[in-house]
Number of protein chains: 2
Amino acid sequence: MSPHLPEQCSHCSMYFDAENFCAKLSDDELVALNAQSSLVTIKRDEAVTEETQKLHPVMAISSGVLSLQHLLHDGRKTIAAILMRGDILDLRNSTRNQLGALIALNSVTLCRLSPVVFDAAIAENPQARMLAWANITDQTFRAINHAADLAKKQALEKLASFIFEIRNRDVRVPGNDHVHIPIRRRDLAEYLGMQPETVSRCFKDLAGRGIIHVSDLSVIRILNAPALRRISNGDRSPKGGRLDVPSFNVLVADA
Amino acid sequence: MSPHLPEQCSHCSMYFDAENFCAKLSDDELVALNAQSSLVTIKRDEAVTEETQKLHPVMAISSGVLSLQHLLHDGRKTIAAILMRGDILDLRNSTRNQLGALIALNSVTLCRLSPVVFDAAIAENPQARMLAWANITDQTFRAINHAADLAKKQALEKLASFIFEIRNRDVRVPGNDHVHIPIRRRDLAEYLGMQPETVSRCFKDLAGRGIIHVSDLSVIRILNAPALRRISNGDRSPKGGRLDVPSFNVLVADA
DNA sequence: AGGATGTGTTGACTCAGATCAATAAAGCGT
DNA sequence: ACGCTTTATTGATCTGAGTCAACACATCCT
């Protein structure tokens with residue numbers, strides 16, 4: 001490890017996860033970026049301040065789960081997106097869009113980057129540029145897939161999709177069928193556009209069918225991944241009888 | 001206009017819309033990009049071929065509306081996203097994500113770009129880079145907002161939001177309260193996660209309240225923008241009585 | 001023009017999930 | 001360990017929008 005490596009970067013997943021932005025920076029670039037940046041920790045239910053959003057419109061999630069929340073006039077709340085380790089957030093173009101509030105769903109470590117130095121690194125370092133670009137396009141497709149989940153899926157199907165989403169986004173231990181759910185039931189409900197009661201009933205349903213096992217509130221174990229996948233793909237036939245479907249959307253069997 | 005300007009670019013909105021990617025390219029860059037690219041027209045209900053997706057994973061919408069569709073096993077269909085003039089689509093990172101099918105909702109003109117030349121332009125031209133980055137982050141926020149619409153809003157609220165979304169994305173003539181709806185009712189329903197019947201009933205409802213006027217299937221006129229905005233923001237109180245809501249989400253009054 | 005096909009609208013009925021209310025179980029500070 | 005607060009679960013009821021079916025328009029084709 002280089003002697004130049006900034007102390008706070010050495011503990012940050014943006015640096016030590018090989019597929020994250022900071023991992024691709026040279027020591028000099030990292031020092032330059034770090035000099036204008038600052039790590040901050042946000043406790044659960046607290047928001048990223050307006051001030052941070054103005055002064056540091058570019059940030060990266062080092063750890064924890066950050067949510068983007070929308071509130072309707074009569075109090076209905078929605079978690080429109082969840083940001084996790086490695087995600088880059090660039091608010092510079094978000095003024096026109098209704099952004100909503102950035103609220104931590106558990107303890108979040110955020111690196112507030114300097115937009116100027118960030119742009120410079122993007123300009124000069126092709127690998128870093130590619131990773132940043134890949135992360136943003138990934139976020140776009142994730143958001144689109146989430147929208148698709150919300151649009152037509154039933155409660156049980158949405159929950160099944162969520163379990164896969166969380167498993168795929170988390171750092172994955174091969175062969176481990178345990179999935180860690182890093183957020184509360186009510187946050188999960190708000191993310192999936194349903195009520196906590198319904199989430200509870202759906203977990204119970206999946207457990208009752210022997211598809212998952214709910215160890216405690218934050219850990220479940222997938223017992224029958226193919227069945228869970230079928231549910232998440234909207235197969236409502238009682239016992240695996242498959243319908244004809246155009247080939248473009250036959251989804252990969254995984255796990 | 002430069003003598004070097006490629007013929008097909010001169011008719012393309014990616015070039016003549018000042019805020020689009022190609023408008024920022026130098027003549028040399030444009031010629032280089034154009035040499036490896038090709039415009040293609042896709043008729044309604046036709047898909048972007050697998051071959052195009054493989055050979056030209058980077059494309060830009062010159063005109064028309066392109067949809068990204070998901071299909072569930074039992075036949076339920078969802079339009080997860082709609083891409084319009086000026087949007088850049090980069091499929092290179094989409095292999096892991098379930099992309100779905102790219103289907104034209106009306107006649108679409110697509111410019112299939114060379115990834116290599118596109119990357120080179122991104123690397124060398126800061127303005128073009130910024131615009132491409134801005135378009136992608138914009139798409140992300142749009143998708144997130146769409147997800148928020150789908151999560152908790154009622155049918156009428158979703159339709160109201162859609163009217164504003166379409167108006168804001170379209171090229172806007174100031175003072176013109178007509179909104180052109182470029183897609184069919186059933187496509188609109190699939191985008192909003194509802195049934196065509198419900199869309200029809202909601203249009204009727206809004207018209208009955210004097211909030212919009214439906215000229216024909218593809219043109220509506222907004223008669224009472226504040227009321228429409230209130231509905232899209234989830235105000236269900238009968239006559240404008242406002243509830244207390246945290247300041248971060250009080251939305252701008254527009255129009 | 002006429003028939004055929006695709007698209008949008010209207011009405012009657014049903015159901016998945018929201019809502020309300022009550023209880024149980026976790027967290028958390030002292 | 002205690003009490004207190006927050007969060008999750010369970011049960012009973014209600015409703016918005018889905019579903020089904022019939023009809024009204026458009027648009028297209030020959």
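These values consider heavy atoms only, across backbone and side chains, with no hydrogens, waters or symmetry-generated copies. Quantities reported herein were computed from a predicted structural model and do not represent experimental measurements. Proteins come first, then strands; the chains are lettered A, B, ... in the order of their sequence lines, and each starts at number 1.
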Drop me the distance from Leu83(B)'s CG to Leu105(B)'s CG, to the nearest 0.5 angstrom.
9.5 Å
Does dT7(C) have OP1 or OP2 sitting under 4.0 Å from an N or O in the side chain of Arg185(B)?
no
Between P on dT9(C) and CE on Met194(B), what's the gap in Å once rounded to a whole number?
12 Å
I'd like to know if Arg201(B) reaches the base of dG8(C) with its side chain such that a donor and an acceptor end up less than 3.5 angstrom apart.
no
Find out whether Lys77(B) and Arg186(B) are in side-chain contact, i.e. whether some heavy atom of one side chain is under 4.5 Å from a heavy atom of the other.
yes
His70(B)-Asn145(A) side chain donor-acceptor pair, cut-off 3.5 Å
yes
Closest non-hydrogen contact found for Val65(A) with Asn106(A) is N-OD1, 2.8 Å
In whole angstrom, what separates Leu192(B)'s CG from dA17(D)'s P?
12 Å
Residue pair Thr41(B) / Ser107(B): nearest heavy atoms and the distance that separates them:
CG2-OG, 3.7 Å
Length of the CG-P vector between Leu188(A) and dT7(D), whole Å:
14 Å
Could you tell me the separation between the CG atom of Asp205(B) and the P atom of dG16(D), rounded to a whole number of Å?
12 Å
Using atom CG of Asp187(B) as one end and atom P of dG6(C) as the other, report the distance to the nearest whole Å.
15 Å
What is the distance, to the nearest angstrom, from the NZ atom on Lys204(B) to the P atom on dA17(D)?
16 Å
Enumerate all atom pairs, one protein N or O and one N or O from nucleotides 24-30 of chain C, separated by less than 3.5 Å.
none

Arg184(B) CZ to dT5(C) P, in whole Å, measures 17 Å
Does a side-chain N or O of Thr198(A) approach OP1 or OP2 of dA18(C) to a distance below 4.0 Å, or not?
yes
Is the base of dC20(C) touched by the side chain of Glu197(A) through a donor-acceptor pair closer than 3.5 angstrom?
yes
Please tell me whether Glu51(B) and Thr49(B) have a donor and an acceptor in their side chains that are separated by less than 3.5 angstrom.
no
Do the side chains of Arg44(B) and Asp187(B) get close enough for a salt bridge, i.e. N-O under 4.0 angstrom?
no
Spacing between Gln195(B) atom CD and dT10(C) atom P, to the nearest angstrom:
17 Å
